[in-house]
Each structure stands twice: as structure tokens, then as C-alpha cells.
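Notes follow the structure.
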Amino acid sequence: MLLRKRRARASARARHAAERTTDYLDGRLPVSEGGGLLRKAFPEHWSFLLGEIALYSFVVLLLTGVWLTLFFHPAMTEAVYNGSYTPLDGIRMSDAYRSALHISFDVRGGLLIRQLHHWAALVFLAAIGVHLLRVFFTGAFRRPREINWMIGVTLFLLALAEGFAGYSLPDDLLSGTGLRIAQGIMLSVPVVGTYISFFVFGGQYPGHELISRLYSLHILLIPGLLLALVTAHLILVFYLKHTQWAGRGRTNGNAVGKPLYPQFMASSLGLFFMVSGLLTLLAGLAQINPIWVYGPYRPDAVSTGSQPDWYVGFLEGSLRLVPPWETAVAGHTVMWNVFLPAVVLPLALFAVLYAYPFFEAWITGDQEEHHLCDRPRDKPVRTGLGVAAITFYAVLLAAGGNDIIAHTFKVSLNALTWIFRISLVVLPPLALMVTKRICLALREAELERLAEGEETGEVRQTVAGGYAGSHEPVDEETRHVVLSRRLPRPLQSPENGDGDVPQLQRLRATLSSWYYGDRVAVQDGEEPEPESARELEG
């Protein structure tokens with residue numbers, strides 16, 4: 001009884017404090033005018049927190065990055081180290097590397113902040129990547145969110161560049177090896193490669209300007225672009241309305257969830273503290289990027305067993321898998337073994353990411369607005385394509401450490417390389433087919449449960465002396481989710497008077513048939529579009 005009274009008094013004091021704070025702010029800021037915005041609903045589901053994790057990791061990155069700029073010196077001027085780390089005492093090194101050692105060993109809390117910054121960068125990129133996968137598999141990139149999808153892909157691209165620039169700043173042997181690889185990639189560009197390398201490094205490799213240039217990019221240009229795009233991304237999330245999972249009471253025209261203020265803001269603030277706390281815990285307990293072990297960078301030395309951070313590991317793997325192909329054209333040597341995996345592959349990857357929303361809308365003929373998320377099983381081809389892409393990336397990432405794997409498991413490096421080459425060609429299509437069949441099987445199992453009901457586990461004896469399982473009807477929420485799915489029919493290719501069909505329209509109809517051909521439709525829940533709307537224009 002006493003405890004309930006104390007809770008009631010505490011609740012009353014909290015409400016009174018909230019009212020006074022709101023009145024205070026309302027007298028000085030346009031709080032009342034923004035009441036509609038503050039009451040905007042945000043759906044509750046764990047998958048929607050992935051974008052928030054990326055946002056709060058970015059906040060941690062900004063805070064720790066500002067602190068590190070107070071102590072880091074981005075210069076390649078040679079200096080002699082005489083700090084606390086005895087094994088490197090008296091060694092000549094760049095001023096950038098010496099200041100990184102100074103932060104790690106002589107600045108109070110410096111190593112914690114350095115490692116916190118690095119861990120936050122890894123989580124930031126991972127959260128963006130997983131968030132993009134969530135958007136892809138649920139179809140949240142469809143109209144009217146195509147522009148927001150492109151902003152998200154651009155954020156991921158900029159985050160990759162930002163991570164590589166920050167990774168290279170300490171000028172240690174490991175990051176220097178990465179820069180040497182980057183210079184080789186620049187030189188592989190036909191005709192203009194040498195000019196690109198000369199411009200980036202400010203002269204012959206390694207030059208004396210690179211660290212200061214990377215520093216400017218890392219703390220000014222790229223963070224500014226990231227901040228601008230994050231702001232635009234959040235504005236569009238507010239303007240276009242948040243997507244939500246299908247369910248009773250949730251339609252394509254409403255949004256069901258917590259209001260922005262105060263419920264969602266309170267839970268979101270709690271998530272920020274959780275992300276910050278876990279990152280700090282990682283920074284304090286899990287060592288990352290021990291630059292003092294690698295030593296200062298020397299152009300004539302390479303770090304044994306060097307591995308990049310995971311987000312560029314797929315490029316490392318692609319470089320290791322392509323055979324040594326070279327072609328001499330008009331006095332220029334084209335290094336296909338570098339140009340294809342390190343220049344063409346990333347460009348093609350991001351071109352596909354940018355174009356996919358428009359490509360899917362084109363082959364499916366879908367021009368409607370979508371605010372309900374798809375379940376991956378309801379779009380088996382899209383899900384299969386996503387799993388195939390993940391498999392492709394996983395093979396390249398594993399191939400980036402083929403030397404470590406070969407050494408650890410005592411297998412032939414050459415044989416392992418060929419295994420990865422074959423896997424890169426065979427596994428993605430196999431993953432597409434298997435994933436597609438699994439999605440269709442899950443859909444069929446759902447329809448069977450709707451028709452026969454859920455098994456209760458009870459077995460009864462029939463009048464004839466046999467045995468039969470007992471079933472009970474599926475709950476209404478599950479029934480609504482399954483029956484609310486809309487499965488359009490494939491586009492039909494119209495025949496002209498002479499029977500001739502343009503090749504582009506024929507291709508579109510073929511792709512649409514492939515995309516929607518294998519289907520498990522719910523007869524009483526399907527809402528096919530009119531055939532006239534689904535036909536290709538002549």
C-alpha cells in the first residue's frame with residue numbers, strides 16, 4: 001500500500017514537471033505549433049531499431065572524433081619517438097604515427113577513446129548495411145521511398161570512404177599496406193591511372209601530402225556530407241510516414257505505434273545510452289587496431305597476414321581471386337586482375353543498389369504507394385536475390401583471408417583459392433534457388449495451417465478405430481497477416497497486329513513472369529489488378 005502511494009506521488013511529480021517544462025518551452029519555442037509533428041506515430045518492432053543504432057553510432061563517432069582531433073597531428077614529417085612505449089623508443093616515424101602513439105599511451109583515457117571511435121565506426125557501417133538489408137527484404141524501398149533508398153545507399157558509400165580514410169590516418173604499417181593497395185588500384189585505371197595516383201598522393205608514392213589530405217576529408221568534407229544526408233533521410237522518414245508490418249488495424253493508409261513525444265523519444269533515448277554503453281564496454285575490453293604492434297609504415301615493408309576491416313574485406317577477396325590477366329593496348333598495359341575486381345566490381349555493385357527500386361517497379365508494373373512491409377517469404381524472388389548477394393559477399397570476404405585460412409587449417413593456398421573461385425560462381429545461384437523454394441514452402445505451410453488449423457498435439461481415436469490429430473483454428477491476427485498479402489499477376493506482353501513484339505517489351509514480360517511466375521496465392525485474400533492495368537503499353 002505504501003509502495004503504491006509512493007509510486008503515485010512520484011508519477012504525479014513527474015507529470016507536473018513535464019507540464020511545467022512544456023509550458024516553459026511553449027512560451028519561447030513553437031512547441032504547440034509542432035504538436036502534430038510531436039504526436040507522429042512510430043511503429044514498434046525491433047527491426048526498425050537498426051536505423052537508430054546506425055544513427056547513435058554516428059553520434060558516438062562525432063563526439064569521439066572531435067576529442068581525437070585535439071591531440072592528433074596529421075603530418076608526415078619525420079620525428080624520433082621517445083614516448084612511453086619502450087619497444088619503439090628511438091625509432092624514426094611520421095608525426096602522425098607518433099601522435100597516435102601519444103594518444104594511446106600518454107593521454108589519459110586516450111586509448112579508450114581511440115578504440116571507442118574505431119568500434120563505433122565498425123558498428124556504424126554494420127548497422128547501415130543490416131538496415132539496408134531490412135529495407136530491401138521488406139520492400140520498404142518502393143514508391144514513394146525510392147529517393148530515401150538512394151540516400152541510404154549514398155550514406156553507406158560515404159561511410160566506407162570515411163572508414164578507409166580514418167583507418168589510414170595513423171600511418172602504421174598495416175594502414176600503409178592498405179594505402180599501397182589503393183595506389184595499385186588507382187594505377188590500374190587505363191590511361192589516366194598514373195595521373196589519378198599523382199594527384200591523390202601529391203607526387204610520387206608515398207609523398208608527403210596524403211595524411212593531411214585524408215585528414216581534411218575525414219573530419220570535414222565527408223562528415224559534412226554524412227550529416228546533410230542523415231538530416232535529409234530523417235526528414236523524408238517524417239514526411240513520407242514510417243512503414244509498418246501488416247496486422248489488424250494496420251493499413252496502407254495509417255500508422256500505428258508510439259507517438260514521437262514522449263513515448264518514442266524516451267525509448268529512443270534509452271537505446272542511445274545502451275548503444276553508447278555497449279560500445280564503451282567493447283572499447284574497454286576488446287582490443288582493436290593495436291598500431292604499436294605493427295610499427296611505423298615503411299614503403300619497403302609489408303605487414304605479414306595483414307587484413308583490412310570487414311567492410312573492405314570483399315575487395316581484398318576479389319583481388320585475390322581474379323587470375324593475373326593483363327592486356328597491352330596501344331602501349332598501355334591494362335591490368336584486368338586489378339581493374340575488374342577493385343574498380344568495375346564496386347561500381348557495378350553500387351549501380352545495382354541504386355537502380356534496383358526502379359528495376360523492380362519496371363518489371364512488375366507496380367506504380368502504387370506502399371506503406372506496409374512485405375514479409376520476405378511473400379516475395380521469393382526478391383528474397384532469393386538478396387540471399388544470393390549476401391552469399392556472393394560472404395565468399396569474397398572469406399577469400400580476403402585465404403592465406404590465414406590456409407595457414408590455420410594446413411591446406412593448400414592454391415587449392416583454397418580455386419575453391420573460392422568455384423564457390424563465387426556456383427553458390428549465389430544455388431542460394432537463390434534454395435531460398436526461393438524455402439519461401440514458397442513456408443507460404444504453402446501457412447495456407448495449410450489456415451485450412452486445417454493449428455495442431456494441438458492431441459490424438460483421438462476415430463469411430464473406425466483409427467487415430468487422428470486434433471486441430472484448432474488459427475488466431476485472427478495470423479489469419480489477417482496471411483490473407484492481407486497482395487500478389488500481383490505477371491505482366492502480359494501484348495501482341496501487335498502482325499504478331500511482332502518489341503524486344504524490350506518481350507524482355508520485360510519475361511522478367512515479370514520469372515519474378516511472379518512461381519506463386520502461392522490466397523484465393524480469398526488475393527486482389528489482382530485489372531488485366532488492362534497489368535498489360536504492357538504497345
Side-chain angles (χ1 to χ4, degrees), residues 10-11 13-15 17-22 24-26 29-66 116-117 119-135 137-138 140-141 145 148-149 151-152 155-156 159 223 226-245 247 249-250 254-283 371-373:
S11 178
R13 286 196 297 268
R15 284 196 301 269
E19 290 173 359
R20 286 191 303 173
T21 302
T22 303
Y24 177 85
L25 293 175
D26 190 40
L29 297 171
V31 175
S32 298
E33 288 78 358
L37 183 63
L38 294 177
R39 301 302 295 174
K40 185 177 179 65
F42 280 80
E44 301 178 63
H45 194 271
W46 66 265
S47 62
F48 299 138
L49 300 179
L50 296 170
E52 292 185 52
I53 293 174
L55 175 63
Y56 296 141
S57 301
F58 183 55
V59 173
V60 174
L61 273 173
L62 291 178
L63 295 176
T64 54
V66 169
L116 176 58
H117 190 72
W119 275 115
L122 296 183
V123 173
F124 176 55
L125 276 156
I128 293 179
V130 178
H131 178 61
L132 284 172
L133 288 176
R134 197 277 300 174
V135 172
F137 284 119
T138 62
F141 55 82
R145 296 177 179 83
N148 224 10
W149 165 265
I151 290 176
L155 280 170
F156 187 61
L226 286 172
L227 276 172
L229 290 176
V230 166
T231 303
H233 185 74
L234 294 177
I235 290 174
L236 287 178
V237 168
F238 274 82
Y239 177 72
L240 298 174
K241 189 174 64 174
H242 207 291
T243 56
Q244 59 184 346
W245 292 96
R250 303 187 186 98
N254 68 359
V256 180
K258 295 179 179 179
L260 175 62
Y261 178 83
Q263 286 91 338
F264 180 78
M265 289 181 64
S267 60
S268 187
L269 186 62
L271 179 63
F272 168 69
F273 288 126
M274 289 177 62
V275 170
S276 302
L278 287 174
L279 288 175
T280 305
L281 195 64
L282 277 173
H371 302 290
L372 290 178
C373 294

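What you see is a predicted model; the values in this text were computed from it and never measured.
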Worksheet entry | Close aromatic pair by centroid cut-off 6.0 Å: F124 and F156 |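 Between F156 and F124, which both carry aromatic rings, the centre distance is not below 6.0 Å.
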[atom1]/[X] to [atom2]/[Y] distance, rounded to the nearest 0.5 angstrom?
| X | Y | atom1 | atom2 | result |
| --- | --- | --- | --- | --- |
| L260 | H242 | CG | NE2 | 11.5 Å |
| F238 | L234 | CZ | CG | 7.0 Å |
| L49 | H131 | CG | NE2 | 11.0 Å |
| L226 | T231 | CG | OG1 | 10.5 Å |
| L116 | L281 | CG | CG | 11.0 Å |

For the residue pair [X] and [Y], what are the closest heavy atoms and their distance?
| X | Y | value |
| --- | --- | --- |
| A255 | A41 | O-CB, 3.5 Å |
| V256 | G249 | CG2-O, 3.6 Å |
| I128 | L155 | CD1-O, 4.4 Å |
| F48 | T243 | CZ-O, 3.5 Å |

Discussion item. Just to verify, what does S267 make a side-chain hydrogen bond (donor to acceptor under 3.5 Å, both in side chains) with, not counting sequence neighbours?
Written reply: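 If we apply the side-chain hydrogen bond (donor to acceptor under 3.5 Å, both in side chains) test to S267, skipping adjacent residues, there are no hits.
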Could you tell me if the side chain of [Y] sits less than 4.5 Å from the side chain of [X], heavy atoms only?
| X | Y | result |
| --- | --- | --- |
| C373 | R134 | yes |
| S57 | L61 | no |
| S268 | F272 | no |
| L62 | L227 | yes |
| L122 | W119 | yes |
| F141 | L132 | no |

Discussion item. Quick one, V237 with H233, criterion side-chain contact (heavy atoms from CB on, under 4.5 Å). Give me CA distance, side-chain angles, the key distance, then yes/no.
Written reply: CA-CA 6 Å; V237 168; H233 185 74; 4.2 Å; yes
Item to complete: Examine the side chains of R145 and H371 and answer whether a donor and an acceptor come within less than 3.5 Å of each other.
Response: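 Side-chain D/A pair, R145 to H371: present.
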Discussion item. Tell me whether the rings of W245 and H45 are parallel (<30°), tilted (30 to 60°) or perpendicular (>60°).
Written reply: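 If you compare the ring of W245 with that of H45, the planes turn out tilted.
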Worksheet entry | Side-chain donor/acceptor of Q244 to backbone N/O of N254, under 3.5 Å |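 Side chain of Q244 to backbone of N254: a pair is present.
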